[in-house]
Protein chains: 2
Amino acid sequence: MNLTEIRNSLISKGLRVTPQRLSIFEAIIKLHDHPSADEIIAFIRQDQPNIATGTVYKVLDSLVENGLISKVKTDKDLMRYDALMVNHHHLYCVDSDKIHDYIDEELDALIAGYFAKKEISGFKIEDIRLQINGKFINEPS
Amino acid sequence: MNLTEIRNSLISKGLRVTPQRLSIFEAIIKLHDHPSADEIIAFIRQDQPNIATGTVYKVLDSLVENGLISKVKTDKDLMRYDALMVNHHHLYCVDSDKIHDYIDEELDALIAGYFAKKEISGFKIEDIRLQINGKFINEPS
DNA sequence: GTATGTGCAAACTTTTTGCACTTCG
DNA sequence: CGAAGTGCAAAAAGTTTGCACATAC
């Protein structure tokens with residue numbers, strides 16, 4: 001996703017295009033490792049030292065509300081943000097506390113097939129995400 | 001799990017049995033709906049008004065460290081605690097923000113079978129949890 | 001021009017910490 | 001008795017808020 005696409009996605013949601021929104025959105029994509037608000041702020045301040053933390057939180061909220069990014073949480077720490085909006089799962093490293101995306105359509109189909117036959121009484125499933133805990137063997141970047 | 005069993009599980013981990021630990025552990029079991037630290041504190045203060053928040057957090061940490069309870073987080077809010085330690089999944093209600101446990105050995109077997117054949121390169125899986133988002137049709141208690 | 005967004009600083013919430021005191025074993 | 005645990009109050013960490021000012025459209 002490049003700057004023009006970011007711009008268009010803001011416009012498509014009726015959000016005004018501001019330098020702050022562009023750089024926050026871009027930061028999440030570039031940091032790509034589910035950055036926390038803090039990491040996003042630090043990254044942006046390299047170029048734009050005057051951005052306020054309040055602004056970053058407000059922008060993140062509005063992006064989440066408009067479905068442009070999503071929030072993730074680990075069991076240990078704070079909010080993380082994720083620009084990947086297609087259905088995907090998360091690999092959580094128990095050592096380094098990193099989160100990686102995991103896309104597997106075959107797995108999705110398998111699980112969807114299972115719940116097509118077996119329903120959970122009293123519960124209407126909308127979406128299933130796997131939290132796969134484990135360790136990276138050869139630390140990916 | 002009754003008081004004697006709670007007591008024994010503390011002893012088995014080398015933890016001293018204190019009234020605070022007993023009532024915190026008991027609260028999590030009785031509240032059974034993945035209470036937050038706040039809810040646990042409020043519940044205990046009904047009987048034991050002088051318990052300090054610092055103590056509750058310290059006790060919760062030690063119970064988590066010793067594998068007697070676990071932490072859960074939603075994408076929206078704070079830590080929640082869970083006394084169910086067997087492998088299980090979570091049903092998240094997108095409306096009410098409630099969390100329910102979901103145990104399904106057939107599903108576990110299906111997923112284990114899948115990952116026995118297909119491995120994720122560079123990642124050693126330890127444990128898989130499903131986050132099943134949806135809605136309760138007839139609100140269970 | 002005006003609705004929307006931003007900066008700033010203060011406040012709020014949740015969690016952590018240090019240390020003296022207490023209690024379990 | 002001694003190690004482990006608790007109470008308290010202060011502080012840290014992360015996030016939210018209100019309002020004046022600035023900017024996108």
Side-chain angles (χ1 to χ4, degrees), chain A residues 3-4 6-25 27-28 34-45 47-66 68-69 71-81 97, chain B residues 3-4 6-25 27-28 34-45 47-66 68-69 71-81 97:
Chain A
L3 265 180
T4 310
I6 294 176
R7 197 181 304 268
N8 288 339
S9 61
L10 290 174
I11 293 168
S12 75
K13 298 292 177 178
L15 296 173
R16 288 191 180 170
V17 177
T18 66
Q20 290 85 347
R21 285 193 176 142
L22 290 175
S23 39
I24 290 168
F25 208 147
I28 298 170
H34 306 79
S36 63
D38 238 30
E39 290 165 335
I40 294 166
I41 293 168
F43 182 84
I44 294 170
R45 289 222 168 118
D47 295 321
Q48 215 171 322
N50 296 327
I51 196 164
T53 67
T55 302
V56 175
Y57 280 104
K58 282 171 194 165
V59 169
L60 289 171
D61 280 354
S62 76
L63 296 180
V64 171
E65 263 168 37
N66 286 283
L68 296 175
I69 62 171
K71 280 187 180 183
V72 199
K73 249 184 192 179
T74 70
D75 290 350
K76 300 196 192 161
D77 69 0
L78 44 141
M79 291 302 184
R80 310 277 205 97
Y81 296 87
D97 202 36
Chain B
L3 265 181
T4 310
I6 294 175
R7 199 181 302 268
N8 288 339
S9 63
L10 289 174
I11 293 169
S12 75
K13 298 293 178 180
L15 295 174
R16 288 190 180 171
V17 177
T18 66
Q20 291 84 349
R21 285 196 176 139
L22 290 175
S23 40
I24 289 168
F25 208 148
I28 297 170
H34 306 79
S36 63
D38 236 32
E39 290 165 335
I40 295 166
I41 292 168
F43 183 85
I44 294 171
R45 291 222 168 118
D47 296 320
Q48 215 173 319
N50 296 326
I51 196 164
T53 67
T55 301
V56 175
Y57 280 103
K58 282 172 195 165
V59 169
L60 289 171
D61 280 353
S62 75
L63 296 180
V64 170
E65 263 168 38
N66 286 282
L68 297 174
I69 63 171
K71 279 187 180 183
V72 199
K73 246 183 195 179
T74 68
D75 291 349
K76 300 195 193 162
D77 68 1
L78 45 141
M79 292 302 186
R80 310 278 205 97
Y81 296 87
D97 201 36

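Lettering follows sequence order; numbering is per chain, from 1.
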Q: Checking contacts here: which listed nucleotide (dG7(C), dG25(C), dT16(D)) is nearest the side-chain heavy atoms of Q20(A)?
A: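 Nearest nucleotide to the side chain: dG7(C).
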
Q: Look only at the side chain of R7(B) and the backbone of V17(B), and say whether a donor-acceptor pair between them is shorter than 3.5 Å.
A: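 Flag not set: sc R7(B) to bb V17(B) has no pair under 3.5 Å.
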
Q: Say you draw a straight line from CZ of R21(A) to CG of L63(A); how long is it, rounded to the nearest 0.5 Å?
A: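 So the gap between those two atoms works out to 7.0 Å.
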
Q: Would you work out how much the helix from dG1(C)-dC25(D) to dG25(C)-dC1(D) bends between its ends, with each end axis defined by five base pairs, to 10 degrees?
A: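 The angle, to the nearest 10 degrees, is 40°.
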
Q: Is the shortest heavy-atom distance from the side chain of T53(B) to the side chain of D38(B) under 4.5 Å?
A: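 T53(B) does not reach D38(B) side chain to side chain.
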
Q: Take the protein atom CD1 of I44(A) and the nucleotide atom P of dG7(C), then report the distance between them rounded to whole Å.
A: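 Atom-to-atom, I44(A) to dG7(C), this comes out as 10 Å.
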
Q: Looking only at side-chain N and O atoms, does Y57(B) come under 4.0 Å of OP1 or OP2 in dT16(C)?
A: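 No.
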
Q: Side chain of I51(B), heavy atoms from C-beta onward: which of dG25(C), dT15(C), dG7(D) has the nearest atom to it?
A: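 The closest nucleotide is dG7(D).
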
Q: Taking all non-hydrogen atoms of both residues into account, name the closest pair between S62(A) and N66(A) and its distance.
A: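 Heavy atoms only, the tightest pair is O-ND2, 2.7 Å.
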
Q: Between dA24(D), dG5(C), dT16(D), which nucleotide gets closest to the side-chain atoms of R21(A)?
A: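 Out of dA24(D), dG5(C), dT16(D), the nucleotide with an atom closest to R21(A)'s side chain is dG5(C).
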
Q: Can you tell me how far CG of L68(B) sits from OG of S12(B), rounded to the nearest 0.5 angstrom?
A: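 If I round to the nearest 0.5 Å, the distance is 6.5 Å.
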
Q: Starting from the 5' end of DNA chain C, give me the residue, G54(B) or L15(B), whose nearest nucleotide shows up first.
A: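 Taking each residue's closest nucleotide, the earlier one in sequence belongs to G54(B).
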
Q: State which of dG25(C), dG18(D), dC8(D) makes the closest approach to the side chain of R16(B).
A: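 Shortest atom-to-atom distance from the side chain points to dG25(C).
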
Q: Atom CG of D61(B) and atom P of dT17(C): how far apart are they, to the nearest Å?
A: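 Computing the D61(B):CG to dT17(C):P distance gives 9 Å.
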
Q: Which nucleotide wins on minimum distance to the side chain of P19(A), given the candidates dG5(D), dT16(D), dA24(D)?
A: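 The closest nucleotide is dA24(D).
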
Q: Measure from CD1 on I41(B) to P on dT13(C) and round the result to the nearest Å.
A: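 After rounding, the gap between these two atoms is 14 Å.
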
Q: Record whether the side chain of K58(B) comes under 3.5 Å of the base of dG18(C) through a donor-acceptor pair of N or O atoms.
A: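 Yes, the side chain and the base share a sub-3.5 Å donor-acceptor pair.
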
Q: Quick one: closest heavy-atom pair of R45(A) and I51(A), and the distance?
A: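 For R45(A) versus I51(A), the nearest heavy atoms are NH2-O, 2.7 Å.
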
Q: Please classify the nucleic acid contact of T18(A) as base, sugar-phosphate, or nothing, using heavy-atom distances under 4.0 Å.
A: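 The answer is sugar-phosphate, as T18(A) gets under 4.0 Å only of primed atoms, P, OP1 or OP2.
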
Q: Residues in side-chain hydrogen bond (donor to acceptor under 3.5 Å, both in side chains) with Q48(A), at least two apart?
A: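 Partners of Q48(A) by the side-chain hydrogen bond (donor to acceptor under 3.5 Å, both in side chains) criterion, ordered by chain and then number, come out as S23(A).
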
